[in-house]
Amino acid sequence: MNIQKSAIKDAIIAQLQQQLNDALLSANNARLAAIDEQSVAETQYDTLGIEASYLAHGQSERAAQLMQQINAYSALELRQFDLDDAIAMSALVSVGLANDKTNCQHYFIGPHAGGIKVTIRGKLITVITPKAPLGKHLIGLYLEDRVDWPEQTEHHRIITDIC
């Protein structure tokens, strides 16, 4: 099955955009709550307005991070790998049992947003980053290399095609 990496990239950007929209809405709602007349402190222990302003600030920072991630994915060049290339940024990697290629996991190596899952053509693909333990483990491996997961006795391999 041939999965276009551009479809993966587009799905990741769409999820990040939705998260950005949610963060902007939350930041705006918190900002409005912070300046609402109901939030004016009546005593020194009344901290509703202060708490809302902290929340608005946090959501604004989250929105800025999401914008950086969207920009990074928009600029990401999707490299086409040959069979003898090592795994690197923008690789789509399938890992399965050495003796059973029907049940495998699919990973896309991206610059940010590790843990996001996208479904393309019925296949669940998990985004991992080179900084994550799994990403560090896979970067530099080659097709058919053995992948030893911690605390698992079965040997996995990097599979040729997405299964």
Side-chain angles (χ1 to χ4, degrees), residues 1-30 54-163:
M1 172 179 286
N2 187 14
I3 292 182
Q4 296 295 321
K5 289 187 203 177
S6 60
I8 297 170
K9 179 178 163 178
D10 291 345
I12 293 167
I13 291 172
Q15 278 196 35
L16 290 172
Q17 186 63 52
Q18 182 59 52
Q19 290 178 18
L20 174 61
N21 294 342
D22 293 345
L24 290 172
L25 180 63
S26 295
N28 189 51
N29 289 340
Y54 282 135
L55 180 59
H57 178 73
Q59 289 295 341
S60 296
E61 285 184 351
R62 176 70 178 136
Q65 289 173 346
L66 288 164
M67 275 304 303
Q68 289 175 345
Q69 292 178 10
I70 290 169
N71 292 338
Y73 271 100
S74 296
L76 179 65
E77 292 187 32
L78 299 175
R79 179 177 159 201
Q80 295 301 316
F81 289 84
D82 292 326
L83 295 177
D84 59 345
D85 288 340
I87 294 172
M89 184 66 70
S90 87
L92 178 58
V93 181
S94 294
V95 178
L97 292 174
N99 59 355
D100 177 15
K101 293 184 179 183
T102 60
N103 186 18
C104 59
Q105 296 174 328
H106 316 292
Y107 302 102
F108 178 78
I109 313 284
H112 299 285
I116 282 184
K117 296 179 187 307
V118 297
T119 302
I120 307 292
R121 298 177 115 194
K123 300 295 182 186
L124 182 67
I125 300 166
T126 303
V127 176
I128 59 174
T129 66
K131 294 180 183 177
L134 179 56
K136 286 179 185 176
H137 189 71
L138 291 176
I139 294 290
L141 293 181
Y142 292 86
L143 179 65
E144 297 298 327
D145 274 355
R146 189 169 113 175
V147 180
D148 294 320
W149 303 120
E151 301 179 17
Q152 288 193 9
T153 57
E154 297 175 310
H155 298 295
H156 292 75
R157 293 217 179 273
I158 298 170
I159 298 173
T160 309
D161 294 318
I162 197 159
C163 42

J.: Using the side-chain contact (heavy atoms from CB on, under 4.5 Å) rule, take F108 and L78 through it: C-alpha gap first, then chi angles, then the decisive distance, then the call.
T.: CA-CA 11 Å; F108 178 78; L78 299 175; 3.9 Å; yes
J.: Can you tell me how far apart CD (Q18) and CD (Q15) are? Round to the nearest 0.5 Å.
T.: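 Reported value, rounded in 0.5 Å steps: 9.5 Å.
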J.: Only counting residues at least two apart or in another chain, list the ones meeting side chain to side chain donor-acceptor pair (under 3.5 Å) with N21.
T.: Q17
J.: For Y107, which of L138, I125, I158 qualifies under side-chain contact (heavy atoms from CB on, under 4.5 Å)?
T.: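 That would be L138; it is the only one of L138, I125, I158 passing the side-chain contact (heavy atoms from CB on, under 4.5 Å) with Y107.
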J.: Partners of N28 by side chain to side chain donor-acceptor pair (under 3.5 Å), sequence neighbours excluded?
T.: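 Side chain to side chain donor-acceptor pair (under 3.5 Å) list for N28, sorted by chain: R31.
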J.: Find the distance between CG (L20) and CE (M67) and round it off to the nearest 0.5 Å.
T.: 6.0 Å
J.: Of all the heavy-atom pairs spanning V95 and C104, show the shortest one and how long it is.
T.: O-CB, 3.0 Å
J.: Minimum heavy-atom separation for G110 to P130, with atom names?
T.: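 The pair with the smallest heavy-atom distance is O-CD, 3.4 Å.
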J.: With sequence neighbours left out, what residues match D85 under salt bridge (charged side-chain N to carboxylate O under 4.0 Å, His left out)?
T.: R79
J.: For residues 111-119, which side-chain N or O atoms pair as donor and acceptor with protein atoms under 3.5 Å away, sequence neighbours left out?
T.:
from	atom 1	to	atom 2	distance (Å)
K117	NZ	T126	OG1	3.3

J.: Looking at every heavy atom in both I109 and M89, which two are closest together, and how far apart are they?
T.: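 The pair with the smallest heavy-atom distance is O-SD, 3.6 Å.
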J.: I'd like to know if the side chain of K9 reaches the main chain of L76, judged simply by a donor and an acceptor atom lying under 3.5 Å from each other, with no hydrogens or angles considered.
T.: yes
J.: Residues in side chain to side chain donor-acceptor pair (under 3.5 Å) with Q19, at least two apart?
T.: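 Here the qualifying residues are R62.
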J.: Using side chain to side chain donor-acceptor pair (under 3.5 Å) as the criterion, list what pairs up with E61, not counting sequence neighbours.
T.: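 Expected list: H57.
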J.: Rounded to the nearest 0.5 Å, what separates atom CZ in R121 from atom CD in Q4?
T.: 7.5 Å
J.: Once you round to the nearest 0.5 Å, how far does CD1 of I8 lie from NE2 of H106?
T.: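 NE2 of H106 is found 10.0 Å from CD1 of I8.
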J.: Where do S60 and A27 come nearest, in terms of heavy atoms and distance?
T.: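 Heavy-atom minimum between the residues: OG-CB, 3.8 Å.
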J.: To the nearest 0.5 Å, how far apart are NE2 in H137 and CD1 in I128?
T.: 10.5 Å
